[in-house]
Amino acid sequence: MAELKRGAIFISGWGSNLQVFLDQKDQFKSLLVVSSSQKAFGLKRAKDHNVDTLVLGSPIDWQGLTEALISKEIDFIFCAGFMKIIPASFLNQWENPIYNLHPSLLPKYKGLKAIERAYEENDDIGVSIHTLVAEVDSGQVVLQDKVLEKDSYSEKSVDEVRELIQQKEHQMVSLWIEKYLPNRLNHS
Ligand code: GAR
């Protein structure tokens, strides 16, 4: 069996995808929740699971964050609704890729309001997990799944579509933890 990992989950808000990690806490050696906002509900989720948290200042001290993560011997970083752009200088310091969850079928609809833009265009709607590179939402896609076929959901509201996306995201994060995480990370 693969050795358990220490993970840092980056969030900015609600944290429903963070919850997937928290519900499987015993799959990890430790978890640390890093939030770009003091007000993120995900911080409460972390505290309810006795998981350590770190709230970033503004502007973000990326070098200070690197040092904090190294001191905690973090093996992997997963961005689950982290809405800040991560600079290349931070990304390049890690041996393992940093992963990001995005609510579209990349390479389509990079960036903000991805669900709304795909919905407006009646386009295929889905979810991707990809590695982070300096250019926004442009790394290698490692998991991807379609949720709705284009032109098939005109009777659904954007909120209903968002809910379906969220369900798929939670399944995909779980799949990543089960299938992807243990096999693709180097031991540090
Ligand atoms: C998720 O839909 C995630 O795909 C999206 O933020 C949401 C966070 O939800 N991320 C991005 O748009 C990144 N570009 P959550 O806080 O409930 O996990």
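Here the structure is a predicted model, which means the values were calculated and not measured. Counting starts at 1 for both ligands and their atoms, in listed order.
- Between the side chain of Gln144 and the backbone N or O of Leu106 there is at least one donor-acceptor pair closer than 3.5 Å.
- A search for side chain to side chain donor-acceptor pair (under 3.5 Å) contacts involving Gln63 returns Glu67, not counting sequence neighbours.
- Aromatic rings of Phe76 and Trp94 (six-membered ring for Trp) have centroids beyond the 6.0 Å cut-off, not under it.
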Per-pair distances, ligand 1 N/O vs protein N/O, less than 3.5 Å:
residue	atom	partner	partner atom	Å
ligand 1	2 (O)	Glu169	OE1	2.8
ligand 1	2 (O)	Glu169	OE2	2.9
ligand 1	4 (O)	Glu169	OE2	2.4
ligand 1	14 (N)	His102	ND1	3.1
ligand 1	16 (O)	Gly15	N	2.7
ligand 1	17 (O)	Ser16	N	2.9
ligand 1	17 (O)	Ser16	OG	2.6
ligand 1	18 (O)	Ser16	N	3.3
ligand 1	18 (O)	Asn17	N	3.0
ligand 1	18 (O)	Asn17	ND2	2.8

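- Residues satisfying the ring-ring contact (aromatic ring centres under 6.0 Å, His included) test with Tyr109, not counting sequence neighbours, are none.
- Sorted by first and then second residue, the side chain to side chain donor-acceptor pair (under 3.5 Å) pairs involving residues 10-22 (not counting sequence neighbours) are Ser12-Ser36, Ser16-His170, Asn17-Glu169, Gln19-Asp23, Gln19-Arg45.
- Between Phe82 and Phe10, the two ring planes are perpendicular [angle over 60°; tilted spans 30° to 60°].
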